[in-house]
Structure formats: structure tokens, C-alpha cells
Amino acid sequence: MTPIRTRFAPSPTGFLHIGGARTALFNWALTRRLGGQFVLRIEDTDLERSTHESERAVIEGLRWLGLEWDEGPHRQSEHAARHGAVVESLLASGAAYRCVCTKEELDARREADIAAGGKGLYDGRCRERLYGPDCGTHVVRLRVDPNASLRWDDLVFGPSGQDASEIGDGIIRRSDGTPLFHLAVVVDDLDMKISHVVRGADHHSNTPFQIAIHRALGAEPPTYAHVPLIVAPSGRKLSKRRDPVSIQQFRADGYLPEAMINWLARLGWSHGDQEIFSIDEIVEHFDLAHVGRSGAQADPAKLDWLNQHYLKQRPSETLFEAARPFLEAVAERPIERDARIDRLLDLLRERASRLPELAERARFALVEEISLDPTAAKKHLRPVALEPLEALIPALEGLPEWTEAALEAAFEDTCRALGDLKLGKLAQPVRVAVTGSAASPGIYETLYVTGRAWALARLRRAVEWIRERGDA
RNA sequence: GUCCCCAUCGUCUAUCGGUCAGGACUCCAGCCUUUCAAGCUGGUGAGGCGGGUUCGAUUCCCGCUGGGGACGCCA
């Protein structure tokens, strides 16, 4: 079996969005499993809207996700001469013809046709006129045999396509001489020997025309697989404005690439009941036959769950690397990895689903000045907590070493000394005093990662705070 | 308007004629517990409608409805 060749062909007119990322993932996974080459091709035919910035964003996004390509990035614009030559040859062979109808005329005739019950396709007015190169402003249309059957067996949708009479003679070259997307795609796929075209289902209806171009070129179309679109939580089409779609935005929001990959993989594809997939497992099992045919809504809650799952999975070292920028944003200073930070991350990784949330929960151990949550303070920093706190402080001051085990022993001793005080009666006031919040990791762990100096200072401050407030 | 496609819990999905229609996320409850989580256990919750085919349809066929996509000198 000859190795397959696939491609991901984004247009650099925005950022890499989740639909594109998933298409890239499917192409990549298919290629890796079957063995072959995965080509990256930037479809910048539309010079007006293409920018280097978004091209870079697409590339960075793919790299971040770990979807490495074997060839490219090619730029479609670099093949302009080749596209032009192909159009000329099509013209020479009579497979294409020049059309001098203006946009206005076309619009008017289309409307009239629809009003008369027609399909609104190009009426073929210039089809037999055989205009030469000197006919003035013109476009080039493909002469599509109306009796042709433009069908293919889609690897996802099965038998697909329609009769040529439904599509009409499409344009393949603009009046300014530049090629259209359909022509460029076909020529590039041919030149790059792409064997499998895996792309969004929004191209499903475009495929017949592209097959017609292939045939005009005397070439066999590649194998096609169209993957259903990802739709917004609203159920509608993804909107770049309203919906969170940009990969870099997800990255900035603290999602891990492996979580994104897993989430995207399961949007439309399944492997029995399995939900958790490492990237290697996706490569091992990915199969177009198990890609569904209906659109899928991107569910942020599922992503959060997956993200926490991978947060819990990560080795300390890479967890720190991923969390670092977020921790530094909270601390407003550089953070180096050490045993205390590792412990902090271990405690927080099961309490947060995203990195910004994790960093925020780490605040008490990262910055010296904390603020008390009013509700928590009012509930737990009351006069009744005074005695326990004042008993605990010297016990902590006298600890030979600041370890979780030592802290636990100190708490137990203190409770015992206070007549078997319930641990909660001591732990909650301490928690609020030290973290400012009523919610934090276990109290010994919390104190350990806070450090002795900060912890004691906050405990003393809490005592003063209670005294000043009295019984209020 | 024309053409194409899709249709299982709120969401992502399993099922390739016979299942109490399974799993996951979410939500709810209980357990655990120094708080919050995590974890464990349990629960709510689905085959759009109408016809066929069949001994038997979620599954196959047709229609309807609903949704999406494409009809561009965008990609």
C-alpha cells in the first residue's frame, strides 16, 4: 500500500480556530496511523484578506497542539504561475472558456431565473462564443458537461455528489487574472500528490465542482472525507465574535494542549466508550469510519473536566512549566520551581480546572499581602477563635521544623490542650487567617506551603483583627 | 428559492434488526471530611413526527418537521 498524503490547508484570514484545529488533528492522526506525509499548505489565494500575522498564529497554534507537519508550509500564492498555466491549458483544450458577463448582468439574470422558477445557475451565455484573449475584461469558466455525474464515495458521508446540471459552469479565474480557490486547490492537491482530502463539511457541496476540474485536467480526484462542522453552544454556526474559538485564546485561558486535543478528538469521533485519549492513543485508534455525520456542539464544561484530568496527570516539572506564567501573573514576580512550589501545585491541581484558577488559588502562598474575604472572616474570625489561635501561635513558633507532620502534631497538641477542641474549630479560623478564604487545601499543607514567616504574621494579625472588632 | 447533508439523555457519543438503549460531561443526592476540592456510590435524563418493510425497529425505506451547509470574480 502506498503511503497516504494528506494536507491541512487553512486560509490565513483569522486565527486558528477549533474547527480548523480539529480538521488538522484528524488529518494528522490519520496520516500518523497509516504512515504517510502530512502537508501544511497556507491558502492565501485571497491576498486581500490574508495576513502574515494570522499565518503565524495558525502555525503557532498547530505547534502548540503538537500537530507537526512533514512538509511545508507551502503557500498557495507561490504557485500562481502554475495555476495560470493550468488555466491556459484548459482554455487551449476547450475545457474552459472566457466569459465577459459582468457581475451586474449576472446578478440580474440570476434573479430573473430564480423568479421564473429556475435554479439561478450561470446561463451559459458565453459558453459557445469562444472569446479570445483580447475580448477585454473577462473571467474564465470551466465548461462543465451538464450530463456528467459528479459523485464520489466520501469516507465519512458515504455516497455523495450530484449531477453536473445542478452546479453550472463555475469560474476558475478572476477578471484580474488570479485563480480561484477551487482551481488552486485542485491543482495544488494534484501537484502535491495529495491522496486523501480530509476537510470541513462546508466543502461537501463544493466537491462536485472540484471533481469536475480534476476531470477536465484528466486526473483522478483524491479520496475525500468531510468532517461535520463544530457548532456553537447556542446550536448555531460558530461565530468568531461571540464564541470562544481561537486556539490561542484557549491557551491564554489556561487550557493544556493535551486537553484540547482530547476534547477536539471526541468532538465527532469516537472509539467505543473511551473518553480519555492520549495523543498516542488517538493515533493508534483514529479511524474515519467512526467519525459521525452530524454537527457537534463544543461543550466547554467537558473541556474543563478534561483539563483538570490532565492537570492531575502532568509530571510536576511540566505542570510547573505550564503554570508558571499564570503563577507569575498573580505573584507579579518571577517564580522558580522548588519543593514548596511543587507541593503547592500538587495540592491545587485537583482543585482547579484551569491554570488561571489554579494560580488564583495559589495566591496566599505567592504574595505576602492577602486580603480577607469579608464573609469568611465574619464567620470564622470571631472572639471564640481567639483562645485557640493564641494557643496555636506559640506552638507553631516553637516547631523545630516547618513540616506537614510537625504541623499536624502541633494542631493535635493544641486541640488536646484546649480540652479536646474539635479540629474544625481551630482549623477554620487558621485557614481564614492564613489564606483569607474559607476554602483551601488541608490546613497542614496550607501552612506548609505558606511558609512559617508569613503564616505566623497572618495569625498574629488575625488575633489583632478579632480584638479590634470585638464581638461585632 | 435551488441543491446537498444531518437527526439517540441539556451536551459529546455507543449501538452496525432482538440491549432493562450503554458510557462520559453537566446537574442533584449520599458517603468521605478540618474547609474547598478530589474520590467513591446512587439518581434525574434520549431514539422529533407519521407511514411502511419485518416475527421484531433507534437501527432499513419513504414523507414531514426541525437543524446545518452550499449556491461569490471568499476560502
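Atom set for the values below is all heavy atoms of this structure, side chains included, hydrogens, waters and symmetry mates excluded. To find a chain, count down the sequence lines: A is the first, B the second, and so on, and within it residues start at 1.
One atom, CD1 of A:I171, and another, P of B:A75, lie 11 Å apart when rounded to the nearest Å. At whole-Å resolution of the value, CZ in A:F8 and C1' in B:A75 are 12 Å apart. Rounded to a whole Å, the CZ atom of A:R173 is 18 Å from the C1' atom of B:G72. The interatomic distance linking A:R41 (CZ) with B:A75 (C1') rounds to 12 Å, in whole Å. Between the CD atom of A:Q313 and the P atom of B:G39 there is a distance of 11 Å, rounded to whole Å. Look at CD on A:E166: it is 16 Å from P on B:G1, rounded to the nearest Å. Straight-line distance from the NE2 atom of A:H226 to the C1' atom of B:A70: 11 Å, rounded to whole Å. Rounded to an integer number of Å, the gap from A:R293 CZ to B:U8 P is 11 Å.
Candidate nucleotides B:G69, B:C3, B:C73 were compared by shortest atom distance to the side chain of A:Q162, and B:C3 ranks first. Considering only the side chain of A:S270, B:U13 comes nearest among B:C73, B:A75, B:U13.
A:C101 comes within 4.0 angstrom of a base, heavy atoms only. Residue A:R110 is classed as a sugar-phosphate contact, given heavy-atom separations below 4.0 Å to backbone atoms only. Using a 4.0 Å heavy-atom cutoff across all strands shown, A:F181 reaches at least one base atom of the nucleic acid. If you check every strand for non-hydrogen atoms under 4.0 Å, A:H203 touches a base. The residue A:I276 sits apart from the nucleic acid: no heavy atom pair falls under 4.0 Å. Looking at heavy-atom distances under 4.0 Å, A:S294 makes contact with sugar-phosphate atoms alone, never a base.
A centroid separation of less than 6.0 Å is found between the aromatic rings of A:F250 and A:W263. Note: A:W269 and A:F277 meet the aromatic proximity criterion, with ring centroids under 6.0 Å apart.
Between A:R174 and B:A75 there is a side-chain polar atom (N or O) within less than 4.0 angstrom of OP1 or OP2.
The only member of A:F209, A:Y224, A:F181 that meets ring pair (Phe, Tyr, Trp, His ring centres under 6.0 Å) when paired with A:H203 is A:F181.
Considering only heavy atoms from C-beta on, A:R173 stays 4.5 Å or farther from A:L183 through its side chain.
Base pairing of B:A7: its partner is B:U65, meeting the Watson-Crick or G-U wobble criterion (both donor-acceptor distances under 3.5 Å). Here B:A38 sits opposite no nucleotide as a Watson-Crick or G-U wobble pair (both hydrogen-bonding atom distances under 3.5 Å). B:C55: Watson-Crick or G-U partner is B:G18, with both key distances under 3.5 Å. Using the Watson-Crick or G-U wobble rule with both distances under 3.5 Å, B:G1 pairs with B:C71.
Counted within 6.0 Å of CZ on A:F15, heavy atoms from surrounding residues, nucleotides or ligands total 12 or fewer; the atom is thus considered open. Remark: A:Q274 CD is packed, more than 12 non-hydrogen atoms of other residues, nucleotides or ligands lying under 6.0 Å away.
Taking atom P on both B:A75 and B:G18, the two are 48 Å apart, rounded to the nearest angstrom. B:A7 and B:U59 are spaced 13 Å apart, taking the C1' atom of each and rounding to whole Å. As rounded to the nearest Å, B:U11 and B:U44 have C1' atoms that lie 15 Å from one another. Comparing the P positions of B:U19 and B:U58 gives an interatomic distance of 10 Å, to the nearest angstrom. On the C1' atoms, B:U54 is 12 Å away from B:C61, given to the nearest whole Å. Rounded to whole Å, the C1' atom of B:C32 lies 8 Å from the corresponding atom of B:G39. Separating the P atom of B:A29 from that of B:U65 is a span of 43 Å, rounded to the nearest Å. Across the P atoms, B:A24 and B:A57 are found 30 Å apart, a figure rounded to whole Å.
Using a cutoff of 4.0 Å between basic side-chain nitrogens and carboxylate oxygens, A:R343 and A:D346 are not scored as salt-bridged. A:R41 has a carboxylate O that lies under 4.0 Å from a charged side-chain N of A:E43, or vice versa, which qualifies the two as a salt bridge.
Nearer to the 5' terminus of RNA chain B, by closest-nucleotide assignment, is the contact made by A:S205 (compared with the other of A:S205 and A:C99). When each of A:D202 and A:F157 is assigned the nucleotide of RNA chain B with its nearest heavy atom, A:F157 is the one assigned upstream, toward the 5' end.
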> Going 5' to 3' along nucleotides 18-38 of chain B, which nucleotides have protein heavy atoms under 4.0 Å from the base (write B), which only from the sugar-phosphate (write S), and which from neither (write -)?
Replying inline: ----BBBSS-------BBBBS

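Below the 3.5 angstrom threshold, one finds a donor paired with an acceptor across the side chain of A:N206 and the base of B:A75. Counting atom types as modelled, A:S175 pairs a side-chain N or O with a base atom of B:C73 as donor and acceptor under 3.5 Å.
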>> Before you tell me yes or no, could you show the steps for A:D44 and A:R75 under salt bridge (charged side-chain N to carboxylate O under 4.0 Å, His left out), namely the whole-Å CA-CA distance, both residues' side-chain angles and the distance that decides it to 0.1 Å?
In response: CA-CA 7 Å; A:D44 57 352; A:R75 279 181 201 77; 5.1 Å; no

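Checked against side chain to side chain contact (heavy atoms under 4.5 Å, CB included), A:A406 has the following partners two or more places apart in sequence or in another chain: A:L399, A:T403.
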